[in-house]
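Labels below follow one simple rule: chain letters A, B, ... track the order of the sequence lines, proteins then strands, and each chain is numbered from 1.
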Number of protein chains: 2
Amino acid sequence: MDLLIIEDDISILRGLKDNLTFEGYQVQTIGDGLEGLKMALEHHFDLLLLDLMLPGMNGYEICRRIKKEKPGLPVIMLTARGSEMDKIAGLDIGADDYLTKPFSIPELLARIRAVLRRSKPEYDHLAEFSFANVKLDFKKFQATVNDTEIKLSSKEFSIMKYFIEHEGEVVQREDLLEAVWGYDIMPDTRTVDNSILDLRKKLEEIPSDPKHIVSVRGAGYKFNAQAGN
Amino acid sequence: MDLLIIEDDISILRGLKDNLTFEGYQVQTIGDGLEGLKMALEHHFDLLLLDLMLPGMNGYEICRRIKKEKPGLPVIMLTARGSEMDKIAGLDIGADDYLTKPFSIPELLARIRAVLRRSKPEYDHLAEFSFANVKLDFKKFQATVNDTEIKLSSKEFSIMKYFIEHEGEVVQREDLLEAVWGYDIMPDTRTVDNSILDLRKKLEEIPSDPKHIVSVRGAGYKFNAQAGN
DNA sequence: AATAACCTTACTTTTACCTTACTTTTACAT
DNA sequence: ATGTAAAAGTAAGGTAAAAGTAAGGTTATT
């Protein structure tokens, strides 16, 4: 997840960047409003943390412009208590959330997670997926094979989600480890293989001769919604 | 639409009532804070207009109590400029919107419409909900199991409301924290689990083998109106 | 003062899943 | 072809993480 922070107060900036980096976010920072706007528009970010009082261009104007050019980019405003708040509350500047200084890091993190969670309609595309006699519902965490319910663990759902997002492509074990397990690299164990084994047992007609979750020797695995290839 | 105005300044009150009545709202008014609170709690209203400075009990306290007992009732605060504003903005009193005096009637009307629009859907849909032998009345904050009244706390109602709005879907602990507790994040305690425990004790036939409020390991909880799935 | 609501802490139970170890298959070099 | 090394398949047991649960403490409410 790539975050951009536009904030001119060095000490706040430092604290924010350290904490967010520690949480695993990729963080870019910039102190000037106009340059910040440019950067936000020209590069990809998943979230923007935006101070209201800035040199160059104020946060209010930046937010307005962002929402006009890149409505999909979520923005969290950082404001001082009191009168600044009014503007934000009173005027419809389109920010997704805001925090009043001083704020606690846990609260900031919670709001970031919440905003990111909300701004994910891709999740909805994937709410349901079917192949062969298998039906997967990622919202309900429900799976059926031939209309009979099958229990999949949340990790197994997670793997299937990744497969579906990369349907037809070869995905390396390492990709799966990163996407499903996080970066906690487990060197060279059969963890992934075992999960695949379980999935095949549950979803394939003949687990030992899989038609959809096939392995590509020397490379990884490949998911095909249609049997064949 | 029934509105309640709690405001002690007679001239303001008169103006408000006339204008709102003219717009087609049913308007009740009351000048004392404590009595206003009582009235708001004991009768049905769709919206509360609440002055901050009041005899009997100040608006801040009233709002807090309302939001605790009747979280679904929208509140618009009326405040004087300046320092009063800070309190509202700074403290999390849970008001849905606020206006600073003097305000224009068109603005007031716009904000009333906006607040009603926002708060309408769930409030009405969810007036009542039944599943198994459980009946929940979110307007009266009443719950019965096998037609026997059961006491649910407002937090518990709030959780059930969220569950019902997301029936069948897996909701993460964090979703619940955000929706029910707000962002006063409690890092990683068993608060949510304990609330679930309490709910199951009250609503499930066999609390240790829940049929409706089920947990999804590694993901969160899921509410099913029908047992099974 | 008593009651209730609620959060935390700490302990117990459950189970998903990770590791280990062994077997089978495949690619390819001889 | 055929041997062999690497890759993938597979089973099973131990374990740590997640959920269940109870009890105590704090604060608000009567």
**Request:** Provide, to the nearest angstrom, the distance between the CZ atom belonging to Phe157(B) and the C1' atom belonging to dA4(C).
**Result:** 16 Å

**Request:** Please name all residues satisfying ring-ring contact (aromatic ring centres under 6.0 Å, His included) with Tyr25(B), sequence neighbours left out, ordered by chain then number.
**Result:** none

Quick test: give all pairs of protein nitrogen or oxygen and nucleotides 26-28 of chain C nitrogen or oxygen below 3.5 Å, distance rounded to 0.1 Å.
unit_1	atom_1	unit_2	atom_2	d
dT26(C)	O2	Arg217(A)	NH1	3.4

**Complete:** Residues passing the ring-ring contact (aromatic ring centres under 6.0 Å, His included) test with Phe157(A), sequence neighbours excluded, are Phe138(A), Phe141(A)

**Item:** Divergence of helical axes at both termini of the helix from dA1(C)-dT30(D) to dT30(C)-dA1(D) - five pairs an end, 10° steps
**Value:** 30°

**Asked** When the distance from CG of Leu176(B) to P of dA19(D) is rounded to whole Å, what number comes out?
**Response** 12 Å

**Request:** Using whole Å, report how far CG of Leu177(B) lies from C1' of dC7(C).
**Result:** 12 Å

**Message:** Tell me whether Asp209(A) is salt-bridged to Lys211(A), with the criterion being a basic N under 4.0 Å from an acidic carboxylate O.
**Reply:** yes

**Request:** Please name all residues satisfying side chain to side chain donor-acceptor pair (under 3.5 Å) with Asp46(A), sequence neighbours left out, ordered by chain then number.
**Result:** His44(A)

**Message:** Distance check needed: dA7(D) C1' versus Glu174(A) CD, whole Å only.
**Reply:** 16 Å

**side chain to side chain donor-acceptor pair (under 3.5 Å) against Arg190(B), all qualifying residues, sequence neighbours excluded** = Asp193(B)

**Complete:** From CD1 of Ile213(B) across to P of dA19(D) the rounded distance in Å is 16 Å

**Request:** May I ask you to evaluate whether Trp181(B) reaches the phosphate of dC7(C), defined as a side-chain N or O under 4.0 Å from OP1 or OP2?
**Result:** yes

**Message:** Using a 3.5 Å distance criterion without hydrogens, assess whether the side chain of Ser195(B) forms a donor-acceptor pair with backbone atoms of Thr191(B).
**Reply:** yes

**Request:** Going 5' to 3' through nucleotides 20-30 of chain D, assign each nucleotide B (protein heavy atom under 4.0 Å from a base atom), S (under 4.0 Å only from sugar-phosphate atoms) or - (no protein heavy atom that close).
**Result:** BBB-----SSS

**Fill in**
Applying side chain to side chain contact (heavy atoms under 4.5 Å, CB included) to Ile150(A) and not counting sequence neighbours gives Val145(A), Leu152(A), Lys202(A)

**Request:** Could you pull out all residues at least two apart from Ser208(A) that satisfy side chain to side chain donor-acceptor pair (under 3.5 Å)?
**Result:** none

**Message:** Quick check on dT15(C): is either OP1 or OP2 less than 4.0 Å from any side-chain nitrogen or oxygen of Ser153(A)?
**Reply:** no

**Request:** Compare side-chain N and O positions of Thr191(B) against OP1 and OP2 of dC7(C) and report whether any pair is under 4.0 Å apart.
**Result:** no

**Message:** Closer than 3.5 angstrom, by distance alone: can the side chain of Asn19(A) be matched with the main-chain N or O of Gly15(A) as a donor-acceptor pair?
**Reply:** yes

**Asked** Contact class for Val216(B) (heavy atom, under 4.0 Å): base, sugar-phosphate, or nothing?
**Response** sugar-phosphate

**Asked** Whole Å only: how far is the NZ atom of Lys155(B) from the P atom of dT8(C)?
**Response** 10 Å

**side chain to side chain contact (heavy atoms under 4.5 Å, CB included) partners of Glu167(B), counting only residues at least two apart** = Phe129(B), Phe223(B), Ala225(B)

**Fill in**
With sequence neighbours left out, the residues meeting side chain to side chain contact (heavy atoms under 4.5 Å, CB included) with Gln142(B) are Asp137(B), Lys140(B), Glu149(B)

**Complete:** Whole-Å distance, Leu152(B) CG to dC6(C) P, equals 11 Å

**Message:** Tell me the interatomic distance from Asp198(A), atom CG, to dT15(C), atom P, rounded to whole angstroms.
**Reply:** 16 Å

**Complete:** Hits for side chain to side chain contact (heavy atoms under 4.5 Å, CB included) against Pro210(B), two or more places apart or cross-chain, chain-then-number order -> Arg200(B), Glu204(B)

**Item:** Pairwise 5' ranking along DNA chain C for Lys202(B) and Lys151(A), keeping only the more 5' one
**Value:** Lys202(B)

